[in-house]
Amino acid sequence: MGKKRWILHVDMDAFYASIEQRDHPEYRDKPLMIGAAPNQRGIISTCSYEARKFGVHSAMPSRTAGRLCPGGIFIPPDIAKYSQESRQIMKVLQSFTPDVEQVSVDEAFLDVTHVEQLWGNPVQLAKRIKTQIRKERGLNASIGVAPNKFLAKLASDLEKPDGLTLITEENKREILATLPISKIWGVGKVTRKLLEDQGFHTMGDVQKTSLRALRSVLGNFAEHIHQLANGEDERNVEMECEAKSISSEHTFDIDTNNASLLLRTIMAHAENIARQLRHERLSTRTIVLKLRYSDFTTITRRKTLPQPTQDEIQIYDQAVALFTAEKTGQSRIRLIGLGTTNFVNAQFQRDFFDTVSEKRQRLAVAVDQLRAQLGDKAIERRID
Ligand SMILES: [Mg+2]
């Protein structure tokens, strides 16, 4: 058992819509939809609480929203403004503790274990933070207070909007027992169906089951689910990830057009990047290929993936697709590099089973560990 921690999860209420209502008094108290117009293809990214009363929710097609709420106001998003606002809010959070992990434009975890002397107990601190955000930014936040990240995130969602919810070691299992399994991190459609087919609907159902019985349903994934359903989560609040991009490049001793050598180099880069992503517990959405020809002409090509990944094979496949599209032919290449940007926190990936096969992910982690022990040359992946 580690020492007792206190984690806050801060989540802004209806973030985009609240910013627009703050800045435009004429939108206040009205159903407001941020996203595509109701006569267009596209979706609503956020809507005000007034719109939610009509059954509108984020990610809903705008046409549906228009039907449900014909008198609603529809405006396009102003992403630059929202990211500027996001930076201001993170500054407010950082004025209370440096241990802030931003997880999306309007959400962050704070480890407040060590600042009690400064700000009072975690609930008092959460109140202060809410007040400060309202005072400085004119917006409401909901905050969950709990001994770990998983519980804090659940807590912030329980009494939205303008909520403040405490979950403790003492009441955690009871609170979790009534919540659906879909609220467990990593449980997406596939895992949910596996569980529901076996009669698991709530976290309480999982709590009542032995780890061994759960293993027969979920294999190695069982332990993770069992721990979370019981309110156990050891993950630390990771301070703002320094990495804005992770890249790997290589200049050849002699300029080359040897396809097999170029592909092997791309594979080495993909492995290198995937390893760093796993180390940082990040997944990437965007793959960037960089090529420098013998005449020093340099190009970069990028591709955004439908799903974030930390898997070398997926990264390699995308990079090769970019490379092939360049039709480099007989041109000699001096440098080849791969980069990735546009990260998401891997722990927020919706479903472990949906993305990469679990086996491959475990293999990759094992290879990383061996490499760390034996050095890079110990294991080489064959690509032909
Ligand atoms: Mg939010």
Side-chain angles (χ1 to χ4, degrees), residues 10-90 102-108 133 137-142 153 156-157 160-163 182-183 185 188-190 192 244 283-288 301-309 314 318 321 340-345 348-351 354-355:
V10 179
D11 185 10
M12 302 304 295
D13 299 331
F15 189 51
Y16 297 175
S18 305
I19 295 172
E20 299 297 353
Q21 287 183 319
R22 176 194 67 190
D23 297 349
H24 301 271
E26 67 273 25
Y27 297 157
R28 287 180 200 162
D29 307 316
K30 302 246 167 66
L32 174 67
M33 266 62 68
I34 315 291
N39 58 358
Q40 284 174 356
R41 287 166 62 97
I43 58 158
I44 298 300
S45 63
T46 321
C47 61
S48 68
Y49 282 94
E50 292 82 3
R52 295 183 194 196
K53 287 178 198 149
F54 293 85
V56 179
H57 56 77
S58 52
M60 174 181 270
S62 290
R63 285 188 175 142
T64 314
R67 267 201 307 276
L68 290 171
C69 186
I73 304 163
F74 288 75
I75 59 169
D78 181 349
I79 299 297
K81 175 164 145 184
Y82 310 148
S83 22
Q84 174 61 21
E85 186 61 50
S86 172
R87 279 192 289 276
Q88 298 303 321
I89 286 161
M90 295 305 146
Q102 182 173 358
V103 287
S104 77
V105 69
D106 75 325
E107 269 176 83
I133 293 176
R137 308 305 315 162
L139 296 170
N140 281 335
S142 291
K153 178 149 169 86
S156 71
D157 199 40
K160 263 183 166 304
D162 202 14
S182 57
K183 297 252 177 193
W185 282 346
K189 276 188 223 130
V190 180
R192 186 174 153 188
K244 289 280 179 279
S283 293
T284 182
R285 267 209 189 101
T286 305
I287 311 292
V288 185
R301 297 287 180 263
R302 62 183 57 222
K303 192 169 168 73
T304 295
L305 309 173
Q307 284 272 1
T309 185
Q314 289 185 9
Q318 298 302 329
T340 54
T341 59
N342 208 347
F343 300 126
V344 296
N345 236 307
F348 284 91
Q349 237 161 264
R350 281 312 302 162
D351 197 314
D354 281 348
T355 50

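Keep in mind that what you see is a predicted model, and the values were worked out from it rather than measured.
The side-chain contact (heavy atoms from CB on, under 4.5 Å) test applied to D78 returns E20, A80, K81, Y82, not counting sequence neighbours.
Interatomic distance, K153 NZ to K183 NZ, rounded to the nearest 0.5 Å: 9.5 Å. To the nearest 0.5 angstrom, Q318 atom CD is 14.0 Å from R302 atom CZ. To the nearest 0.5 Å, the span separating CD on Q84 from CD1 on I79 amounts to 13.5 Å. The OG atom of S18 sits 9.0 Å away from the CG atom of L32 when rounded to the nearest 0.5 Å. For the atom pair CE of M90 and CD of E107, the computed distance is 8.5 Å after rounding to the nearest 0.5 Å. Between the NE2 atom of H24 and the NZ atom of K30 there is a distance of 13.0 Å, given to the nearest 0.5 Å.
Using a 4.5 Å heavy-atom cutoff, the side chains of V56 and C47 are in contact.
With hydrogens and angles left out, the side-chain atoms of Q102 and S86 include a donor and acceptor closer than 3.5 Å. A side-chain donor-acceptor contact under 3.5 Å links D13 and S142.
Looking at E85, Q88, Q21 one by one, the single match for side-chain contact (heavy atoms from CB on, under 4.5 Å) with L139 turns out to be E85.
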Between D106 and I89, does a side-chain contact (heavy atoms from CB on, under 4.5 Å) hold up when you go through it step by step?
-> CA-CA 8 Å; D106 75 325; I89 286 161; over 6 Å; no
Kindly determine whether K160 and D11 satisfy side-chain contact (heavy atoms from CB on, under 4.5 Å), including the steps that lead there.
-> CA-CA 9 Å; K160 263 183 166 304; D11 185 10; 3.2 Å; yes
Go through the steps to decide whether V105 and M12 satisfy the test side-chain contact (heavy atoms from CB on, under 4.5 Å), and finish with yes or no.
-> CA-CA 9 Å; V105 69; M12 302 304 295; over 6 Å; no
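When all heavy atoms of S48 and A17 are compared, the closest pair comes out as N-CB, 3.6 Å. Of all heavy-atom pairs spanning A65 and M33, the tightest one is CB-CG, 4.4 Å. Contact record, L68 with G55: CD1-O, 3.8 Å, taken as the closest heavy-atom pair.
Within 6.0 Å of the CZ atom in R22, the count of heavy atoms belonging to other residues, nucleotides or ligands exceeds 12.
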Side-chain donor-acceptor pairs under 3.5 Å in residues 37-46, sequence neighbours left out?
| from | atom 1 | to | atom 2 | distance (Å) |
| --- | --- | --- | --- | --- |
| Q40 | OE1 | A37 | N | 3.4 |
| S45 | OG | I34 | O | 3.2 |

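Listed by first and then second residue, the ring pair (Phe, Tyr, Trp, His ring centres under 6.0 Å) pairs that reach into residues 37-79 come to none, sequence neighbours excluded.
With hydrogens and angles ignored, the 3.5 Å screen pairs a side-chain donor or acceptor of T284 with a backbone N or O of T341.
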